[in-house]
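Written below as structure tokens is the structure these notes are about.
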Number of protein chains: 2
Amino acid sequence: MPRETQASATRRDELLAIAARLFAEKGFKNTTVRDIADAAGILSGSLYHHFDSKESMVDEILQTFQAELFASYDEVLASADDPRTKIERAVRLSFAAIDQHRHEVAIFQNDADHLGSFPRFAYLAERNAQSRNVWMTLLTEGVESGALRQDLDVTLTYRFIRDTVWVAVRWYRPGGGLSHEAIADQYLTILLDGIADA
Amino acid sequence: MPRETQASATRRDELLAIAARLFAEKGFKNTTVRDIADAAGILSGSLYHHFDSKESMVDEILQTFQAELFASYDEVLASADDPRTKIERAVRLSFAAIDQHRHEVAIFQNDADHLGSFPRFAYLAERNAQSRNVWMTLLTEGVESGALRQDLDVTLTYRFIRDTVWVAVRWYRPGGGLSHEAIADQYLTILLDGIADA
DNA sequence: GTCTATACTCGGATAGAC
DNA sequence: GTCTATCCGAGTATAGAC
């Protein structure tokens with residue numbers, strides 16, 4: 001790769017990281033191209049040397065993140081672990097994703113519904129369905145193997161897990177009192193065994 | 001109350017209900033006064049006969065809802081029920097609020113962070129702190145009374161409950177397969193006893 | 001209580017100089 | 001790769017007629 005191209009790619013990535021932070025903090029629609037340019041120390045027009053549009057930026061941010069995330073889920077699904085271990089692994093990797101890609105997770109949480117209504121972002125709905133399949137598979141295997149309660153409402157449980165895990169991006173801050181591993185541990189304890197005194 | 005005033009108040013409420021629905025569906029910033037006027041069958045300028053600004057509308061919507069919600073929490077706190085019953089009541093009334101005021105809950109979930117940064121909406125942060133106090137009190141009483149595990153991380157548990165309960169507004173639809181009471185029951189089972197086979 | 005018309009501001013995007 | 005300058009559309013809000 002020639003030096004110019006490499007330097008250009010780096011600048012692109014810097015700009016994407018800045019955009020991701022602002023999209024996460026203020027929402028996609030509520031972030032202006034001038035906001036992004038200001039934060040990058042350039043003028044808004046200059047952004048269009050790197051990207052077609054504001055939409056292109058969020059598109060690239062989300063696609064890159066989701067490709068990585070679902071590769072991880074697929075690894076868990078394909079593994080030879082027992083059902084309970086698979087569920088634990090899936091929960092842990094989700095909290096790890098919040099730790100390592102919190103802006104991307106926040107954008108997905110806050111703006112995916114709205115963005116998904118445009119043809120360009122149709123893949124967001126597909127990824128949503130894919131995520132549902134992953135969890136429904138894990139939970140169904142859990143019930144069938146006897147690891148989970150036989151009377152579990154699998155669909156409702158899927159929603160509770162999905163919501164509780166991802167919504168943590170609203171309050172989790174890396175470097176705070178709790179590591180993402182510790183949060184995952186605590187969460188798994190509550191999820192698997194409940195909060196009532198045994 | 002004279003008839004004119006009453007009719008006027010009714011029209012106001014109609015307009016607020018329309019605005020609440022749109023704010024909930026598309027977000028506050030993403031909803032235009034023309035959207036609201038269109039849905040009401042009038043022109044945008046006419047809205048300003050009833051309200052000072054778009055902000056005034058969301059302000060009135062949120063204040064009315066929160067006053068009612070926190071009155072309910074206070075009732076639970078002040079009751080003579082045992083700690084576990086209080087927690088169950090607080091969870092149930094939250095799901096009932098989602099059923100009966102889903103637009104208001106959705107607005108609070110999606111826009112409170114952003115709105116709260118303006119002086120006019122400083123009360124949103126106060127209400128947030130108040131909600132935290134309610135739950136921390138309930139959970140602490142639960143641990144002290146022996147109803148809940150002694151090793152529970154109360155702060156983390158508070159966050160999980162708050163998030164899981166309110167985020168249900170994203171998928172709950174009244175008249176769907178599950179009543180809000182049934183969802184509350186299932187959720188309390190998971191929360192108190194976990195999903196693992198006993 | 002609603003309409004017509006319009007002022008004002010802000011946001012996304014473009015063209016071409018440097 | 002960034003800047004200057006600018007277009008165009010959209011959004012909030014206002015004034016005054018009906």
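Chain letters run A, B, ... following the sequence lines, proteins first, then strands; residues in each count from 1. Side chains included, hydrogens not; waters and symmetry mates left out as well; all remaining heavy atoms used.
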Counting heavy atoms from C-beta on, name the nucleotide in D:dT2, C:dT2, D:dT12 closest to the side chain of A:H49.
D:dT2
More 5' along DNA chain C: A:G45 or A:D35, using each one's nearest nucleotide?
A:D35
Distance in angstrom units between B:K54 NZ and D:dT14 C1', rounded:
17 Å
Answer yes when B:R92 and B:D185 have at least one side-chain N-carboxylate O distance shorter than 4.0 Å, and no when they do not.
yes
Provide, to the nearest angstrom, the distance between the CZ atom belonging to B:F51 and the P atom belonging to D:dT12.
15 Å
Considering only side-chain heavy atoms of A:R11, which listed nucleotide, D:dT2, D:dT12, C:dT2, is closest?
D:dT2
Out of C:dT4, C:dA13, D:dT12, whichever nucleotide has its closest atom nearest the side chain of B:L43
C:dT4
N/O (side chain, B:Y48) to phosphate O (OP1/OP2, D:dT14) under 4.0 Å
no
How are the rings of A:F118 and A:H114 set to each other: parallel, tilted or perpendicular (split at 30° and 60°)?
perpendicular
What is the distance, to the nearest angstrom, from the CZ atom on B:F28 to the C1' atom on D:dG11?
12 Å
Give a yes or no on whether the ring-centroid distance for A:F65 and A:F108 is below 6.0 angstrom.
no
Nucleotide C:dC10, atom P - distance to NZ of A:K29 in whole Å
16 Å
Expressed as a whole number of angstroms, how long is the span from B:I36:CD1 to D:dG11:C1'?
12 Å
In whole angstrom, give the distance that lies between atom CD1 of B:I42 and atom P of C:dT4.
13 Å
Where each residue is assigned the nucleotide of DNA chain C containing its nearest heavy atom, which of B:L15 and B:R34 is assigned the position nearer the 5′ end?
B:L15
Whole Å only: how far is the CZ atom of A:R12 from the C1' atom of D:dG1?
14 Å
Using whole Å, what does the distance between atom P of nucleotide D:dG11 and atom CD of B:E55 come to?
17 Å
Students often mix this up, so state it plainly: with edges at 30° and 60°, are the rings of A:F160 and B:F95 parallel, tilted or perpendicular?
perpendicular
Would you call B:D163 and A:R170 a salt bridge, taking side-chain N to carboxylate O under 4.0 Å as the test?
no
Would you indicate, yes or no, if C:dC3 has its OP1 or OP2 atom less than 4.0 angstrom from a side-chain nitrogen or oxygen of B:S46?
yes
